[in-house]
Amino acid sequence: MKAVMFHEFGGLDVLELEEVPDLEPGPGEVALDVLACALNHLDVDIREGTSRFPVDLPFIPGVEVVGRIAALGEGVTGWEVGERVLPYLMSTCGQCIYCTTGRESLCLTPGFISFSTSGGYAERLVCPAGHLLRVPDALSDEQAAALQIAFATSWHMLFTRGKLRAGQTVLINSVGSGIGSAAVQLAKLAGAFVIGNAGSDDKLARAKELGMDVGINHRTQDVVEEVMRATDGRGVDLVYEHVGGELFQKGLDSLAKDGRMVICGGHSGEVVPFDIIPFFRTQKQIVGSFVYNRWEVEKVLDLAGRGLITPLVHATFPLEHARDAMETMERREHFGKIVLAISTAGRDG
Ligand SMILES: [Zn+2]
């Protein structure tokens, strides 16, 4: 099989397209012919060696995959060769108190499928059968690949961790990103008033098409001032934060009293100053959020299958052009996900 991998950490140049032996499923595992794999910034962090996750070299990146079952390992029941599936990307123990109560994102020994088995920048991937979810026919391969991280992360942040309810006001940072544009769609579906920010008017216009009520250009406008203008000086009930740096502080300052800020990332500044005094006097809350639970992927798959949310695909690239795909993502000009569309034509299965 063909796979894109790297033998050392670094820039785009370390990615190599190589021919490697086909992966075969072990007991309890399935092999998938990969149909599409969405790119994520996590892939860049892993390639550069800055992810703070353990990575063994050589490494095939890619955690967000849709594929067709090519082979079943020993003891696998309930699945058939040819079914189109999407693996829940967390690898979890299945036995701890969190896993047994539907809260796999809190598993005591969490990992990602690409670490425990293999990655999706390849023609084939092997994963435990327990990870599989069926993909609704209404979704294309590319849409299904673009769904999981953006929408399940967003569901987990907005509702499970952030407790957003109908009629509340939410500020979504960086609405042009995958999880930002997903959050606009889900927050509107839930009946919230949605304020969003982005670094370009073009991205704000696209987010308005998805239902965003008020857009703020954080390069040319003062985020806190505009939030207060849009909320009659009250501030928002929830801030959806995944950027870090300046937007962390602006998010905190945009909150109403007793408001909540839910956080799942901080690429633009992972260590930030924090003023304790106004924080406790206004009784605000900061809530951490990490990945999502399996049932949350099932939930967003169902919503997408019924056309209530739309996974956004900015561009697709063949596996051979994975380097170009990553370069496009790193330019951060896209709206929606970059997806590798992997052809299995010509393979003997
Ligand atoms: Zn567990």
Side-chain angles (χ1 to χ4, degrees), residues 1-67 70-71 73 86-93 105 107-128 130-131 145 148-149 153 178 264-267 270 290-291 317-332 337-344 347:
M1 66 177 209
K2 289 196 189 78
V4 172
M5 58 176 70
F6 55 87
H7 295 261
E8 57 180 324
F9 297 118
L12 290 162
D13 291 348
V14 300
L15 293 174
E16 301 288 350
L17 179 68
E18 296 181 25
E19 191 73 37
V20 296
D22 262 2
L23 292 166
E24 300 298 337
E29 293 181 335
V30 295
L32 305 181
D33 280 335
V34 178
L35 298 168
C37 177
L39 274 63
N40 287 282
H41 270 283
L42 175 64
D43 305 348
V44 178
D45 294 343
I46 288 169
R47 191 197 69 211
E48 291 179 339
T50 59
S51 70
R52 304 197 201 178
F53 290 116
V55 176
D56 294 326
L57 300 175
F59 191 82
I60 303 172
V63 290
E64 206 175 7
V65 172
V66 171
L86 169 159
Y88 169 57
L89 64 74
M90 278 196 83
S91 114
T92 54
C93 77
S105 66
C107 178
L108 296 173
T109 53
F112 293 111
I113 51 170
S114 63
F115 294 103
S116 56
T117 52
S118 61
Y121 288 29
E123 288 179 324
R124 188 171 269 204
L125 172 136
V126 163
C127 75
H131 286 231
Q148 180 176 180
I149 288 185
T153 301
C264 80
H267 267 101
E270 296 181 357
F290 181 61
V291 202
F317 292 82
L319 181 63
E320 293 74 15
H321 294 172
R323 203 181 283 184
D324 299 335
M326 266 195 149
E327 189 180 19
T328 303
M329 179 176 65
E330 288 176 63
R331 277 204 302 272
R332 291 179 180 269
K337 305 277 285 198
I338 314 286
V339 177
L340 296 175
I342 297 167
S343 164
T344 50
R347 280 171 54 75

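Just so it is clear, the values below take in all heavy atoms, side chains as well, and ignore hydrogens, waters and symmetry mates. Fair warning: this is a prediction, and the values are worked out from it, not measured in the lab.
Panel note: side chain Q148, backbone P87; a donor-acceptor pair is recorded below 3.5 Å. Side-chain atoms of E123 do not come within 3.5 Å of backbone N or O of A3 as any donor-acceptor pair. Of the possible donor and acceptor atoms, none in the side chain of E327 sits under 3.5 Å from a partner among the backbone N and O of D324.
L340 is listed as a side-chain neighbour of L39, based on a closest heavy-atom distance under 4.5 Å. M326 is listed as a side-chain neighbour of Y121, based on a closest heavy-atom distance under 4.5 Å. Proximity of V126 to V30: side-chain heavy atoms (C-beta onward) are nowhere separated by under 4.5 Å. A heavy-atom distance below 4.5 Å is found between the side chains of K2 and E320. C127 has its side chain out of reach of E29: every pair of non-hydrogen atoms, C-beta onward, lies at least 4.5 Å apart. Side-chain contact check for R52 versus T50: every heavy-atom pair is 4.5 Å or farther apart. A 4.5 Å side-chain heavy-atom check between V339 and C37 finds every atom pair outside the cut-off.
Evaluation of the side-chain hydrogen bond (donor to acceptor under 3.5 Å, both in side chains) rule for H321 yields no partner, not counting sequence neighbours. With sequence neighbours excluded, no residue forms a side-chain hydrogen bond (donor to acceptor under 3.5 Å, both in side chains) with R331. Among residues two or more places apart in sequence or in another chain, the ring-ring contact (aromatic ring centres under 6.0 Å, His included) test is passed with F317 by none.
In terms of heavy-atom proximity, S105 sits nearest to F290 at CB-O, 3.3 Å. The shortest heavy-atom contact between C93 and C107 is N-SG, 3.3 Å. Closest non-hydrogen pair, S91 versus H131, comes out as CA-CE1, 3.5 Å. Closest non-hydrogen pair, K337 versus G178, comes out as CD-CA, 4.4 Å. Contact detail for L319 and A122: the closest heavy-atom pair is CD1-N, 3.8 Å. Between G62 and V65, the closest heavy-atom pair is O-CG2, 4.4 Å.
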Below 3.5 Å, can you tabulate the donor-acceptor pairs from side chains in residues 9-20 to any protein atom, sequence neighbours excluded?
unit_1: E18; atom_1: OE2; unit_2: H7; atom_2: NE2; d: 2.9
unit_1: E19; atom_1: OE2; unit_2: M1; atom_2: N; d: 3.3

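Note that CD1 of I46 is 5.0 Å distant from CZ of F59, once rounded to the nearest 0.5 Å. Interatomic distance, CG of L23 versus CZ of R124, reported as 8.0 Å (0.5 Å rounding). Taken to the nearest 0.5 Å, the CG atom of N40 stands 3.5 Å off from the CD1 atom of I149.
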*Step by step, work out the side chain to side chain contact (heavy atoms under 4.5 Å, CB included) result for D33 and L125.*
CA-CA 7 Å; D33 280 335; L125 172 136; over 6 Å; no
*Does the side chain to side chain contact (heavy atoms under 4.5 Å, CB included) test come out yes or no for F6 and I60, once each step is laid out?*
CA-CA 7 Å; F6 55 87; I60 303 172; over 6 Å; no
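Each salt bridge (Lys or Arg N to Asp or Glu O under 4.0 Å) pair with one or both residues in residues 37-50, not counting sequence neighbours, appears once here: R47-E330. Within the structure, every pair that satisfies the ring-ring contact (aromatic ring centres under 6.0 Å, His included) test and touches residues 11-49, not counting sequence neighbours, is listed here: H41-H267.
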